K.L.:
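Before I ask anything, here is the structure I am working with.
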Amino acid sequence: MPELPEVETYKTYIDSTALHQRITAMECGDKRLLKQPQSDFETHLIGQEFKATQRIGKYLFIETTGEKVLVLHFGMTGRPHYYKTEESRPKYAHIVLTFENGFHFGFENKRKFGWWNLTSSIAEFKVEHKLSDDARNLKLDDFKNALEGRKTDIKKILMDQSVAAGVGNWMADEILYQAQMHPTKKVNDMTTEAIERVFEAMKKVIEVAIENDAHYADFPDHFLMHFRKEGATCFHTGAKIEKIKVGGRTTYFSPEWQKL
DNA sequence: CGTTATGTTTCACT
DNA sequence: CAGTGAAACATAAC
(Lines give C-alpha, C1' and ligand atoms only; values in the text may rest on other atoms or scores of the structure.)
Protein backbone atom coordinates (compact mmCIF):
# COMPACT_ATOMS: atom_id res chain seq x y z
CA MET A 1 0.00 0.00 0.00
CA PRO A 2 2.88 2.32 -0.29
CA GLU A 3 2.41 5.98 -0.94
CA LEU A 4 4.31 8.69 0.87
CA PRO A 5 2.96 8.04 4.41
CA GLU A 6 3.41 4.29 4.16
CA VAL A 7 6.97 4.64 2.92
CA GLU A 8 7.62 7.06 5.77
CA THR A 9 6.55 4.35 8.23
CA TYR A 10 8.86 1.92 6.45
CA LYS A 11 11.68 4.39 6.89
CA THR A 12 11.03 4.65 10.61
CA TYR A 13 10.81 0.88 10.81
CA ILE A 14 14.12 0.35 9.05
CA ASP A 15 15.80 3.05 11.12
CA SER A 16 14.77 1.28 14.30
CA THR A 17 15.68 -2.22 13.19
CA ALA A 18 18.19 -2.70 10.42
CA LEU A 19 20.84 0.00 10.76
CA HIS A 20 24.46 -0.57 11.77
CA GLN A 21 24.73 -4.26 11.22
CA ARG A 22 27.12 -5.98 8.85
CA ILE A 23 25.47 -7.58 5.84
CA THR A 24 26.68 -11.11 5.27
CA ALA A 25 24.49 -12.46 2.49
CA MET A 26 21.89 -11.60 -0.12
CA GLU A 27 19.33 -13.78 -1.82
CA CYS A 28 16.80 -12.97 -4.47
CA GLY A 29 14.08 -15.30 -5.65
CA ASP A 30 13.22 -13.28 -8.74
CA LYS A 31 15.92 -11.31 -10.53
CA ARG A 32 13.33 -9.15 -12.26
CA LEU A 33 13.12 -7.14 -9.07
CA LEU A 34 16.77 -6.16 -9.43
CA LYS A 35 17.60 -3.29 -11.77
CA GLN A 36 21.20 -4.47 -11.89
CA PRO A 37 22.85 -7.90 -11.76
CA GLN A 38 22.71 -9.41 -8.31
CA SER A 39 26.51 -9.52 -8.29
CA ASP A 40 26.55 -5.70 -8.33
CA PHE A 41 24.39 -5.57 -5.22
CA GLU A 42 26.55 -8.18 -3.53
CA THR A 43 29.70 -6.29 -4.37
CA HIS A 44 28.39 -3.10 -2.83
CA LEU A 45 26.38 -4.49 0.08
CA ILE A 46 28.08 -7.52 1.51
CA GLY A 47 30.41 -6.56 4.31
CA GLN A 48 28.74 -3.14 4.56
CA GLU A 49 26.15 -1.74 6.93
CA PHE A 50 23.01 0.36 6.48
CA LYS A 51 23.97 3.79 7.73
CA ALA A 52 20.94 6.03 7.29
CA THR A 53 17.78 6.31 5.23
CA GLN A 54 16.24 9.06 3.17
CA ARG A 55 12.89 9.22 1.51
CA ILE A 56 11.78 11.20 -1.51
CA GLY A 57 8.18 10.52 -2.42
CA LYS A 58 7.69 6.78 -2.65
CA TYR A 59 11.39 6.08 -3.07
CA LEU A 60 13.47 4.99 -0.10
CA PHE A 61 17.22 5.47 -0.19
CA ILE A 62 19.43 3.51 2.15
CA GLU A 63 22.89 4.96 2.59
CA THR A 64 25.49 2.37 3.41
CA THR A 65 29.04 2.32 4.64
CA GLY A 66 29.94 1.39 1.06
CA GLU A 67 30.14 3.86 -1.81
CA LYS A 68 26.69 3.18 -3.23
CA VAL A 69 23.23 4.05 -2.01
CA LEU A 70 20.58 1.35 -2.15
CA VAL A 71 17.33 2.51 -3.74
CA LEU A 72 14.05 0.77 -2.91
CA HIS A 73 10.71 1.20 -4.59
CA PHE A 74 7.81 -0.81 -3.22
CA GLY A 75 5.49 -0.81 -6.21
CA MET A 76 1.86 -1.43 -5.35
CA THR A 77 2.32 -4.19 -2.82
CA GLY A 78 5.49 -3.98 -0.83
CA ARG A 79 6.97 -3.49 2.58
CA PRO A 80 10.11 -4.28 4.49
CA HIS A 81 10.15 -6.90 7.18
CA TYR A 82 12.88 -7.50 9.73
CA TYR A 83 12.81 -10.96 11.18
CA LYS A 84 14.97 -13.63 12.75
CA THR A 85 13.84 -17.17 12.11
CA GLU A 86 13.08 -18.88 8.82
CA GLU A 87 9.60 -19.68 10.16
CA SER A 88 8.86 -15.99 10.45
CA ARG A 89 10.07 -15.26 6.93
CA PRO A 90 7.24 -13.48 5.09
CA LYS A 91 5.80 -15.44 2.20
CA TYR A 92 6.56 -12.82 -0.42
CA ALA A 93 9.99 -11.76 0.77
CA HIS A 94 11.56 -12.04 -2.67
CA ILE A 95 14.74 -10.27 -1.68
CA VAL A 96 16.43 -10.96 1.63
CA LEU A 97 19.59 -9.63 3.20
CA THR A 98 21.13 -11.40 6.15
CA PHE A 99 22.96 -9.56 8.90
CA GLU A 100 25.80 -10.72 11.08
CA ASN A 101 23.45 -10.81 14.10
CA GLY A 102 21.38 -13.49 12.42
CA PHE A 103 18.44 -11.26 11.58
CA HIS A 104 17.15 -10.80 8.07
CA PHE A 105 15.91 -7.83 6.11
CA GLY A 106 13.14 -9.03 3.85
CA PHE A 107 11.65 -7.08 0.97
CA GLU A 108 8.09 -8.27 0.65
CA ASN A 109 6.60 -7.73 -2.77
CA LYS A 110 3.61 -9.79 -3.63
CA ARG A 111 2.92 -8.29 -7.00
CA LYS A 112 6.54 -7.78 -7.94
CA PHE A 113 6.14 -4.22 -9.15
CA GLY A 114 8.73 -3.08 -6.65
CA TRP A 115 12.46 -3.11 -7.26
CA TRP A 116 15.95 -2.43 -5.93
CA ASN A 117 18.64 -0.37 -7.54
CA LEU A 118 21.96 1.20 -6.65
CA THR A 119 22.93 4.80 -7.19
CA SER A 120 26.00 6.90 -6.59
CA SER A 121 24.03 10.02 -5.89
CA ILE A 122 20.57 10.62 -4.54
CA ALA A 123 20.51 14.07 -6.11
CA GLU A 124 21.34 12.60 -9.51
CA PHE A 125 18.74 9.87 -9.11
CA LYS A 126 16.15 12.50 -8.29
CA VAL A 127 16.91 14.40 -11.49
CA GLU A 128 17.01 11.29 -13.67
CA HIS A 129 13.65 10.15 -12.39
CA LYS A 130 12.15 13.64 -12.64
CA LEU A 131 11.18 13.74 -9.00
CA SER A 132 10.04 16.95 -7.39
CA ASP A 133 10.88 17.69 -3.80
CA ASP A 134 9.07 15.37 -1.46
CA ALA A 135 5.45 16.47 -1.15
CA ARG A 136 5.84 16.79 2.60
CA ASN A 137 8.53 19.46 2.23
CA LEU A 138 7.34 20.98 -1.02
CA LYS A 139 7.04 24.76 -1.04
CA LEU A 140 3.90 26.48 -2.23
CA ASP A 141 5.84 28.50 -4.81
CA ASP A 142 7.38 25.36 -6.28
CA PHE A 143 3.97 23.73 -6.43
CA LYS A 144 2.53 26.76 -8.21
CA ASN A 145 5.42 26.83 -10.65
CA ALA A 146 4.94 23.16 -11.46
CA LEU A 147 1.30 23.87 -12.32
CA GLU A 148 2.20 26.76 -14.58
CA GLY A 149 1.10 26.07 -18.15
CA ARG A 150 -0.53 22.76 -17.30
CA LYS A 151 -4.07 22.20 -18.51
CA THR A 152 -5.03 18.80 -17.33
CA ASP A 153 -7.06 17.33 -14.45
CA ILE A 154 -5.96 18.34 -10.97
CA LYS A 155 -5.92 14.72 -9.90
CA LYS A 156 -3.46 13.77 -12.63
CA ILE A 157 -1.28 16.69 -11.65
CA LEU A 158 -1.28 15.60 -8.00
CA MET A 159 -0.19 12.11 -8.97
CA ASP A 160 2.57 13.44 -11.23
CA GLN A 161 5.77 12.64 -9.33
CA SER A 162 7.50 15.61 -10.91
CA VAL A 163 4.93 17.90 -9.29
CA ALA A 164 4.53 16.46 -5.79
CA ALA A 165 6.63 13.38 -5.14
CA GLY A 166 4.81 10.84 -3.02
CA VAL A 167 1.17 11.44 -3.84
CA GLY A 168 -0.52 8.34 -5.21
CA ASN A 169 -4.04 7.27 -5.98
CA TRP A 170 -5.63 7.14 -2.54
CA MET A 171 -3.88 10.30 -1.37
CA ALA A 172 -4.97 12.25 -4.43
CA ASP A 173 -8.58 11.24 -3.75
CA GLU A 174 -8.24 12.16 -0.09
CA ILE A 175 -6.61 15.51 -0.81
CA LEU A 176 -9.31 16.50 -3.29
CA TYR A 177 -12.03 15.41 -0.90
CA GLN A 178 -10.52 17.53 1.86
CA ALA A 179 -10.11 20.47 -0.50
CA GLN A 180 -13.66 20.08 -1.86
CA MET A 181 -12.22 19.97 -5.34
CA HIS A 182 -13.51 17.87 -8.19
CA PRO A 183 -10.89 15.40 -9.49
CA THR A 184 -11.32 16.43 -13.11
CA LYS A 185 -11.08 20.16 -12.42
CA LYS A 186 -8.65 21.57 -14.96
CA VAL A 187 -5.71 23.25 -13.30
CA ASN A 188 -5.80 26.16 -15.72
CA ASP A 189 -9.35 26.87 -14.54
CA MET A 190 -8.36 26.99 -10.91
CA THR A 191 -8.03 30.23 -9.00
CA THR A 192 -4.96 30.91 -6.92
CA GLU A 193 -7.14 30.42 -3.87
CA ALA A 194 -8.23 26.99 -5.10
CA ILE A 195 -4.65 25.93 -5.81
CA GLU A 196 -3.62 27.01 -2.34
CA ARG A 197 -6.55 25.13 -0.86
CA VAL A 198 -5.45 21.93 -2.59
CA PHE A 199 -1.87 22.50 -1.50
CA GLU A 200 -2.92 22.96 2.12
CA ALA A 201 -5.11 19.86 1.94
CA MET A 202 -2.15 17.91 0.61
CA LYS A 203 -0.02 19.00 3.55
CA LYS A 204 -2.75 18.14 6.01
CA VAL A 205 -3.42 14.71 4.55
CA ILE A 206 0.29 13.92 4.65
CA GLU A 207 0.69 14.97 8.27
CA VAL A 208 -2.46 13.25 9.48
CA ALA A 209 -1.51 10.06 7.67
CA ILE A 210 2.01 10.08 9.08
CA GLU A 211 0.80 10.88 12.59
CA ASN A 212 -1.36 7.78 12.39
CA ASP A 213 1.39 5.63 10.89
CA ALA A 214 -0.59 5.39 7.65
CA HIS A 215 -3.14 3.34 9.55
CA TYR A 216 -6.34 4.32 7.78
CA ALA A 217 -8.70 3.15 10.50
CA ASP A 218 -7.23 5.77 12.81
CA PHE A 219 -7.76 8.67 10.41
CA PRO A 220 -10.33 11.31 11.44
CA ASP A 221 -13.96 10.43 10.74
CA HIS A 222 -14.26 13.01 7.98
CA PHE A 223 -11.48 11.38 5.96
CA LEU A 224 -12.55 9.82 2.69
CA MET A 225 -10.58 6.65 3.44
CA HIS A 226 -13.43 5.54 5.72
CA PHE A 227 -15.95 5.56 2.91
CA ARG A 228 -13.81 5.41 -0.20
CA LYS A 229 -15.98 2.98 -2.10
CA GLU A 230 -18.73 3.17 -4.62
CA GLY A 231 -22.13 3.87 -3.10
CA ALA A 232 -20.75 4.65 0.37
CA THR A 233 -22.06 7.70 2.20
CA CYS A 234 -20.25 11.02 2.14
CA PHE A 235 -19.54 12.27 5.67
CA HIS A 236 -20.54 15.83 4.84
CA THR A 237 -23.45 15.57 2.42
CA GLY A 238 -24.82 12.11 3.06
CA ALA A 239 -24.80 11.56 -0.68
CA LYS A 240 -23.36 8.52 -2.39
CA ILE A 241 -19.69 8.34 -3.27
CA GLU A 242 -19.15 7.94 -7.00
CA LYS A 243 -16.50 6.01 -8.86
CA ILE A 244 -14.96 7.29 -12.09
CA LYS A 245 -11.70 6.89 -13.98
CA VAL A 246 -9.21 9.72 -14.05
CA GLY A 247 -5.89 9.28 -15.77
CA GLY A 248 -6.61 5.59 -15.98
CA ARG A 249 -6.97 5.25 -12.21
CA THR A 250 -10.05 4.46 -10.20
CA THR A 251 -11.23 7.64 -8.52
CA TYR A 252 -13.74 8.03 -5.72
CA PHE A 253 -15.35 11.35 -4.97
CA SER A 254 -18.42 13.02 -3.54
CA PRO A 255 -20.23 14.88 -6.35
CA GLU A 256 -22.03 17.50 -4.26
CA TRP A 257 -19.10 18.12 -1.97
CA GLN A 258 -16.36 18.38 -4.59
CA LYS A 259 -17.12 21.24 -6.95
CA LEU A 260 -16.01 21.36 -10.54
C1' DC B 1 -14.07 -17.08 -14.69
C1' DG B 2 -13.63 -12.10 -14.81
C1' DT B 3 -12.39 -8.04 -12.39
C1' DT B 4 -9.65 -5.27 -9.59
C1' DA B 5 -5.70 -3.58 -6.95
C1' DT B 6 -2.43 1.95 -3.15
C1' DG B 7 2.85 2.24 -9.31
C1' DT B 8 5.89 3.25 -13.11
C1' DT B 9 7.36 3.13 -17.78
C1' DT B 10 6.78 3.01 -22.59
C1' DC B 11 4.60 3.81 -26.86
C1' DA B 12 1.55 5.30 -30.42
C1' DC B 13 -1.18 9.10 -31.40
C1' DT B 14 -3.48 13.86 -31.35
C1' DC C 1 6.69 19.91 -26.06
C1' DA C 2 1.94 18.81 -23.78
C1' DG C 3 -1.22 15.55 -23.19
C1' DT C 4 -3.97 11.03 -23.75
C1' DG C 5 -5.11 6.32 -23.53
C1' DA C 6 -3.61 1.93 -23.52
C1' DA C 7 -0.52 -1.58 -22.66
C1' DA C 8 2.90 -3.92 -20.15
C1' DC C 9 4.86 -5.61 -16.02
C1' DA C 10 3.15 -9.95 -11.71
C1' DT C 11 0.02 -11.94 -8.85
C1' DA C 12 -3.41 -12.51 -5.24
C1' DA C 13 -7.97 -11.77 -3.73
C1' DC C 14 -12.75 -11.32 -4.31
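Computed from heavy atoms alone, side chains included, the values below leave out hydrogens, waters and symmetry copies. Quick note on labels: first sequence line is chain A, next is B, and so on, each numbered from 1. In this text the structure is predicted, and so the values were computed from the model without any measurement.
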K.L.:
Can you tell if the side chain of A:Q36 reaches within under 4.5 Å of the side chain of A:N117, non-hydrogen atoms only?
P.N.:
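A:Q36 reaches A:N117 side chain to side chain.
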K.L.:
In whole Å, what is the span from the CD atom of A:E128 to the C1' atom of B:dT9?
P.N.:
15 Å
K.L.:
Are OP1 or OP2 of B:dT6 and a side-chain N or O of A:Y252 less than 4.0 angstrom apart?
P.N.:
no
K.L.:
From the list B:dA5, B:dT6, B:dT9, which nucleotide is the closest neighbour of the side chain of A:E6?
P.N.:
B:dT6
K.L.:
Would you say the side-chain atoms of A:T85 pair up with the backbone N or O of A:Y83, donor to acceptor, closer than 3.5 Å?
P.N.:
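Checking the backbone N and O of A:Y83 against the side chain of A:T85, no donor-acceptor pair under 3.5 Å is found.
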K.L.:
Could you tell me the separation between the CG atom of A:L158 and the P atom of B:dG7, rounded to a whole number of Å?
P.N.:
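Spelled out: CG on A:L158 to P on B:dG7 is 13 Å.
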K.L.:
Taking the P atom of each, how far is C:dC1 from B:dT8, in whole Å?
P.N.:
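My reading of the P atoms in C:dC1 and B:dT8 gives 23 Å.
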K.L.:
Out of B:dT6, B:dT8, C:dG5, which nucleotide sits closest to the side chain of A:Y59?
P.N.:
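Closest of the options to the side chain of A:Y59: B:dT8.
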K.L.:
With rounding to whole Å, what would you report as the distance between B:dT6 and C:dG3 at their C1' atoms?
P.N.:
24 Å
K.L.:
Check this one for me: any side-chain N or O of A:H129 less than 4.0 Å away from OP1 or OP2 of B:dT8?
P.N.:
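Negative; the distance criterion is not met.
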K.L.:
In whole angstrom, what separates A:K151's NZ from C:dG3's P?
P.N.:
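Rounding to the nearest Å, NZ of A:K151 and P of C:dG3 are 7 Å apart.
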K.L.:
Is A:G168 touching bases, backbone alone, or none of the nucleic acid, heavy atoms closer than 4.0 Å?
P.N.:
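Sugar-phosphate: the residue A:G168, judged by heavy atoms under 4.0 Å, touches backbone atoms but no base.
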K.L.:
A:T152 has a side chain; which of B:dT6, C:dT4, B:dG7 sits nearest to it?
P.N.:
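Shortest atom-to-atom distance from the side chain points to C:dT4.
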K.L.:
Assess, by modelled atom type and distance only, whether the side chains of A:K186 and A:T152 contain a donor and an acceptor separated by less than 3.5 Å.
P.N.:
no
K.L.:
Mind telling me whether A:F107 and A:W116 have parallel, tilted or perpendicular rings, with 30° and 60° as the class edges?
P.N.:
perpendicular
K.L.:
Base, backbone or nothing for each nucleotide of nucleotides 8-14 of chain C, written B, S, -, heavy atoms under 4.0 angstrom, 5' to 3'?
P.N.:
-BBBS--
K.L.:
Would you kindly give the CE-to-P distance between A:M159 and B:dA5, to the nearest whole Å?
P.N.:
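Atom CE in A:M159 sits about 12 Å away from atom P in B:dA5.
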K.L.:
Can you identify which nucleotide, out of C:dG3, B:dT6, B:dT9, has its nearest atom closest to the A:Y216 side chain?
P.N.:
B:dT6
K.L.:
Round to a whole Å and report the spacing from CG of A:D153 to P of C:dA2.
P.N.:
17 Å
K.L.:
Sticking with atom C1', work out how far C:dT4 lies from B:dA5, rounded to a whole angstrom.
P.N.:
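C:dT4 and B:dA5 have their C1' atoms separated by 22 Å.
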K.L.:
Quick one: which of A:R228, A:H236, A:M225 gives a side-chain contact (heavy atoms from CB on, under 4.5 Å) with A:Y177?
P.N.:
A:H236
K.L.:
Under 6.0 Å between the ring centres of A:Y82 and A:F103?
P.N.:
yes
K.L.:
Does a side-chain N or O of A:K58 approach OP1 or OP2 of B:dT8 to a distance below 4.0 Å, or not?
P.N.:
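Yes.
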K.L.:
Do A:L138 and A:I175 share a hydrophobic cluster, counting only Ile, Leu, Val, Met, Phe, Trp and Tyr and linking them when any side-chain heavy atoms are less than 4.5 Å apart?
P.N.:
yes
K.L.:
CD of A:E3 versus C1' of B:dT8: gap in Å, rounded?
P.N.:
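Interatomic distance, CD of A:E3 to C1' of B:dT8: 13 Å.
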K.L.:
Measure from the side chain of A:K245, starting at C-beta and using heavy atoms only, and say which of B:dA5, B:dT6, B:dG7 lies closest.
P.N.:
B:dA5
K.L.:
Measure from CH2 on A:W170 to C1' on B:dG7 and round the result to the nearest Å.
P.N.:
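After rounding, the gap between these two atoms is 15 Å.
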K.L.:
Pick out which of A:L72, A:T12, A:I62 makes a side-chain contact (heavy atoms from CB on, under 4.5 Å) with A:T53.
P.N.:
A:I62
K.L.:
Take the protein atom CD1 of A:I244 and the nucleotide atom C1' of C:dG5, then report the distance between them rounded to whole Å.
P.N.:
16 Å
K.L.:
Among B:dT9, C:dT4, B:dG7, which is the nearest nucleotide to the side chain of A:K156?
P.N.:
C:dT4
K.L.:
Enter syn or anti for the glycosidic conformation of C:dA7, syn applying to angles within 90° of 0.
P.N.:
anti
K.L.:
Would you check, one step at a time, whether the test salt bridge (Lys or Arg N to Asp or Glu O under 4.0 Å) holds for A:D40 with A:K68?
P.N.:
CA-CA 10 Å; A:D40 288 359; A:K68 294 277 188 177; over 6 Å; no
K.L.:
Scan every strand shown for a Watson-Crick or G-U wobble partner of B:dT6, both distances under 3.5 Å, and answer none if you come up empty.
P.N.:
none
K.L.:
Would you mind pulling out the nucleotide paired to C:dA10, Watson-Crick or G-U wobble, both distances under 3.5 Å?
P.N.:
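Its partner is none (no Watson-Crick or G-U wobble pair with both distances under 3.5 Å).
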